[in-house]
**Q** 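If you scroll down you'll find the structure; I have some questions about it.
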Amino acid sequence: MAQDRYNPEQFESKWQTRWHDQNLFATREDESRKKFYTLDFFPYPSGTGLSVGHCRNYIPTDVLSRMKYMQGYNVLHPMGFDAFGLPAENEAIAKKTHPAIMIKKYAENYKRQLNLVGISFDWSRCFSSCDPSYYKWTQWIFKILYSKGLAYRKMSYVNWDPVEQTVLANEEVIGGRGWRSGALVEKKLIPQWYFKITAYGERLTNDLDKLNWPEGIKQMQKNWIGRREGVEFQLRLTMDTDPQLYLKVFTTRIDTMYGMTFCVLAPENPLVDDLIRLSEEDSFAEEMQKYRDQAAELSHQERLSDAREKTGVFTGFYVVHPITATKIPVWIADYVLADYGTGGVMCVPAHDIRDYEFATKFNIPIMQVIEDANGEQSELPFTSKEGVMVNSGPMNGLSVTEAAQKLEEWVIKREIGQKSVQYKFRDWLISRQRYWGCPIPMMYDEDGKEHPVPDEMLPVELPHVESYQPSGDGSSPLSRLDDFVNIEIDGKKYTRETDTMGGFACSSWYFLRFADPHNYKEAWDKDIINKWLPVDTYVGGAEHAVMHLLYARFWTKVLYDEGLVNFDEPFQTLHNQGMVLAKTPYREAKEGEKLDIGEDGIQLTFEEAAKLDKDDVFFKWEKMSKSKGNVVTPDEAVEKYGADALRVFELFVAPFEQNLQWSEEGIQGSVRFLNRIFKFISEFRHLHIINWRSLIDTVPPHSKSRKFRRFTHQTIQKVTDDINRFAFNTYISTLMVYLNNLQDGVKEVDLTKDDKAVQLALSEAMETLILLLSPAAPHSADELWESIGNTGFTYQKDWPTIIDKFLTNDAVTIAIQVNGKLRGTASVPNDISKENLLQVAKENEKVIPHIEGKEIIKEVVVPGKLVNLVVK
RNA sequence: GCCCAGGUGGUGGAAUGGUAGACACUGCGGACUUAAAAUCCGUUGGCCGCAAGGCCGUGCGAGUUCGACUCUCGCCCUGGGCACCA
């Protein structure tokens, strides 16, 4: 039955069933076509299911995928699940179930919800990171990294999350707290596996420039990687020893060398051992030892705390200033980090904030070596590089840049140092002391020597056990399973590595597997993967700027170097979607009531808010979340408004990158828009000429029919451009304008007359409207398509093509300005000459009063746009 | 402190150096209706004016330009990220 309004309950599930029965979204692999790979970030399927907030990225990528398919591309638009990891394990423990069982159920629910919204995923390519057929290859890649020396095990102090009872990578520690648990991280000394991501620092920084990513994300990665160019040089200790001892420092401000008045070693610097041993006075040795022990006690958070006053001890030793030969005292202080640079620094209190604080506190001399270039009084510490050298011997009077260059050359010539590049980021710690992760494919022989598990024994399967709670002592739950731990190969006994890999390992290559997901012989077929990758458009939240996105780039580069893929960046274009915010009720705090940190009111449930007086309740826009109780699920939204209305609303109401405010009124607007389309098509479908394409050029056009065709082709152009630019909000508004124009257009023609030219143009318009609507509202589009007598799915129809001659109008409205101020407009033929246009402008009755009796000193003519007359 | 992103009507936003406020939401007025919903029509940046029309207006202040929401410089505010990395 043909609809005359948007009745989603009558056709949306019908079309979904037909699409899936026909396997409509199976990936097309037609050799003659170009490819397009659209991907959403690998989601963790949470137990609460999707909210309309999550749909914020799935709907737009679906629109893009659908349009690209209609444009003739082979589109890869897959979905899978990031199933391993702590959230799943924690939830399973809380619910007293097994994560494998739980995750499977949750993934099914995600799939159901995504289908409910009509997302065009090729589900035949779906997998979870916890499938052995997938993680076999995660382990295989681990072994590649190991064979290249890019995976190694070492004993060191690590970030221990006491709530999650596992270690965390540096990227997972935010402001000294675990990124998920929010717990203050502690220090723990245990042997751990690392990936040597720092070996790729240079390329990970430089190659950002060739990516079409949001500038902010690129900048965040650059800052995180923290590439710094500087000079590393050695300072001789005044004490004669055999061998002679040197203190190595790294600096990015070699220009300030003359201003060095002390040096500081990190407490963990191995040179401190020598100093303690060689100390001639026991009191210095004792102080050093005591300070070092104290530093080891401090938590990561305490040590890095900004507010903390500087602490440190004098070692009793001195180094020689390489130029001035003055004695420079050596201190130990924990504001210097052992694992950055050389673990020791030259200190220039006059030009470094931290050194200044330290020198002030311990009464160390401060010597200014740079002055403000403008001769203004420069307050210390003076950290600007815009300055002139003073107190620097032959450097005096030079600029900072010149001095830096000269001193760098001097250091290199004297062979006491060289140029050096340092990175702020550290190697990626991958071990986790938890059960629910990909087992690390390593084992140890009876001498404790490490060996990779042989390929033919992969995957190292995660044993299915009932009890997998973390032990909390730094050992993995797997270490309790003797059957798992102890193995024998060719009569030799081995024990397995029992830590698992952090979840980010699993998500560092999933985008590769989608190209060839059912390959049981290898991780992927090279030809297939090189055909589909890199991902053309990748969409997800900005919170992964320095985690997933950095790790995935690193793995891709390693695989590229190994010749396993022929691209060295996985994601060409990246977009970050905004969040969906929902109104959350609050009330003012009463006297004596305590507020949570960062809150300016007491949060209410909607029930509580309904009971209070209206004036006592205020609303804030907050991210949809379970804890805020403001979640709207797609199930509810689809039930109440329909899938297409939900889709159109989310596309229309805010630009893709910006936050979206969820509102009932707003989504009603989308329902209204869809209703108007149904009504329009229903009213004029009796005029639809099925074979309009073959007839439209055989009937002589006239001005009215041409007008329809201009609307149509201008709309095709704008819509196509908008979707490509991720401007989905204007895509929808362009369709609204198109519909408004068509509705006005039909009022201007007499449709009772048998006017073929108009009927053909209207047929074209109706079909175009439906096809352009199809990516946004595919259910409605298919329903409408059928209602005008066509067959098949709009997804399989060609995207409308633009006919250039209809892009320009016969007449254009020209703005006429006098001195840049709009004074009038005029409608003129499109091809009017500049001279005639000027003539029209000067004769415009609204313009005349503004130019009369004045001298025109300049005439600016922009064809098709405006005329600007500059008068005096 | 450093690095990003942003600031436009009552609201969401549009406008990639060329008619600021498209398209919507809300409000107001009207039609239809016994009534309501739905729908349709009109109106909706501010000020002056009966009107024609005029003036002001894109966070603030300068600048470039015939012309600036858009570019440049300096501030202010909001949001996000990093933060003792020498």
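What you see is a predicted model, and the numbers here were worked out from it, not measured in a lab. We name chains A, B, ... by the order of the sequence lines, and we start the count at 1 in each one.
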**Q** Base, sugar-phosphate, or nothing for A:Pro655, non-hydrogen atoms under 4.0 angstrom?
**A** sugar-phosphate

**Q** Name the atoms and distances for all side-chain donor-acceptor pairs under 3.5 Å in residues 648-659 of chain A, with sequence neighbours left out.
**A**
{"unit_1": "A:Glu650", "atom_1": "OE1", "unit_2": "A:Arg56", "atom_2": "N", "d": "3.3"}
{"unit_1": "A:Asn659", "atom_1": "OD1", "unit_2": "A:Met579", "atom_2": "N", "d": "2.8"}

**Q** Between A:Gln661 (CD) and B:rU11 (P), how many Å, whole number?
**A** 11 Å

**Q** What is the distance, to the nearest angstrom, from the CD atom on A:Glu859 to the P atom on B:rG67?
**A** 16 Å

**Q** Determine which nucleotide pairs with B:rG1, using a 3.5 Å limit on both distances of a Watson-Crick or G-U wobble pair.
**A** B:rC82

**Q** Side chain of A:Glu215 only, heavy atoms from C-beta on: which candidate in B:rA5, B:rU39, B:rG18 is closest?
**A** B:rA5

**Q** Would you say the ring centers of A:His548 and A:Phe504 fall short of 6.0 Å from each other?
**A** no

**Q** Check the chi torsion on B:rG79 and let me know: syn if it falls within 90° of 0, anti if not.
**A** anti

**Q** Expressed as a whole number of Å, how far does the P atom of B:rA14 sit from that of B:rA22?
**A** 13 Å

**Q** Below 6.0 angstrom between ring centroids: does that apply to A:Phe233 and A:Phe250?
**A** no

**Q** Go through the structure and list residues passing side chain to side chain contact (heavy atoms under 4.5 Å, CB included) with A:Asn212, not counting sequence neighbours.
**A** A:Thr573

**Q** Could you list the residues that satisfy side-chain hydrogen bond (donor to acceptor under 3.5 Å, both in side chains) with A:Arg228, not counting sequence neighbours?
**A** none

**Q** Is the A:Phe358 ring parallel, tilted or perpendicular to the A:Phe262 ring (thresholds 30°, 60°)?
**A** parallel

**Q** Starting the side chain at C-beta, find the nucleotide from B:rC41, B:rA15, B:rC23 nearest to A:Arg725.
**A** B:rA15

**Q** Taking only N/O atoms, report every protein-nucleotides 53-56 of chain B pair under 3.5 Å with atom names and distance.
**A**
{"unit_1": "B:rC55", "atom_1": "OP1", "unit_2": "A:Arg823", "atom_2": "NH2", "d": "3.4"}
{"unit_1": "B:rC55", "atom_1": "OP2", "unit_2": "A:Arg823", "atom_2": "NH1", "d": "3.2"}
{"unit_1": "B:rC56", "atom_1": "OP2", "unit_2": "A:Lys821", "atom_2": "NZ", "d": "3.1"}

**Q** Under the rule for side chain to side chain contact (heavy atoms under 4.5 Å, CB included), what residues qualify as partners of A:Gln668, not counting sequence neighbours?
**A** A:Tyr641, A:Val671, A:Arg672

**Q** Roughly how far apart, to the nearest Å, are B:rA62 and B:rC55 at atom C1'?
**A** 24 Å

**Q** List the residues meeting side-chain hydrogen bond (donor to acceptor under 3.5 Å, both in side chains) with A:Glu859, not counting sequence neighbours, and say none if there are none.
**A** A:Lys842

**Q** Does A:Asn729 make a side-chain N or O approach to OP1 or OP2 of B:rA14 shorter than 4.0 Å?
**A** yes

**Q** Determine the Euclidean distance between corresponding C1' atoms of B:rC48 and B:rU65; express it in Å to zero decimal places.
**A** 32 Å

**Q** Say we look at B:rA15 and B:rU8: how far apart would their P atoms be, to the nearest angstrom?
**A** 15 Å

**Q** Between A:Asn223 and A:Val653, just flag the one whose closest nucleotide in RNA chain B comes earlier from the 5' side.
**A** A:Asn223

**Q** What residues, two or more places apart in sequence or in another chain, satisfy side-chain hydrogen bond (donor to acceptor under 3.5 Å, both in side chains) together with A:Glu229?
**A** A:Arg227

**Q** With sugar-phosphate meaning primed atoms plus P, OP1 and OP2, does A:Gln658 contact a base, only sugar-phosphate, or nothing at under 4.0 Å between heavy atoms?
**A** sugar-phosphate

**Q** Report yes or no: does A:Lys718 contribute a side-chain atom to a donor-acceptor pair with the main-chain N or O of A:Tyr731 at less than 3.5 Å?
**A** no

**Q** Hey, does the side-chain of A:Lys222 have a donor or acceptor N/O within less than 3.5 Å of a partner on the base of B:rC3?
**A** no

**Q** Identify each atom pair where a protein N or O and an N or O of nucleotides 24-31 of chain B are less than 3.5 Å apart, giving names and distance.
**A**
{"unit_1": "B:rA24", "atom_1": "OP1", "unit_2": "A:Asn740", "atom_2": "ND2", "d": "3.2"}
{"unit_1": "B:rC25", "atom_1": "OP1", "unit_2": "A:Arg672", "atom_2": "NH1", "d": "2.6"}

**Q** Describe the nucleic acid contact of A:Val860 in one word from base, sugar-phosphate, nothing, applying a heavy-atom distance below 4.0 Å.
**A** base

**Q** Hey, does A:Thr251 reach any base, or is it just sugar-phosphate, or nothing, if we go heavy atoms under 4.0 Å?
**A** sugar-phosphate

**Q** Counting side-chain heavy atoms from CB outward, which of B:rC3, B:rG18, B:rG12 is closest to A:Asn868?
**A** B:rG18

**Q** Between A:Tyr340 and B:rA86, does any side-chain N or O lie under 4.0 Å from OP1 or OP2?
**A** yes

**Q** Suppose we screen for side-chain hydrogen bond (donor to acceptor under 3.5 Å, both in side chains). Which residues come up paired with A:Asp644, at least two apart in sequence or across chains?
**A** A:His779, A:Ser780

**Q** Side-chain N or O of A:Lys858 less than 4.0 angstrom from OP1 or OP2 on B:rC66?
**A** yes

**Q** Any strand counts, and the cut-off is 3.5 Å on both contacts for Watson-Crick or G-U wobble. Which nucleotide pairs with B:rC75?
**A** B:rG59

**Q** Does A:Gln817 have a side-chain nitrogen or oxygen under 4.0 Å from the phosphate oxygens OP1 or OP2 of B:rC66?
**A** no

**Q** Report yes if a donor N or O on one partner sits less than 3.5 Å from an acceptor N or O on the other, where the partners are the side chain of A:Arg5 and the base of B:rU39; otherwise report no.
**A** no

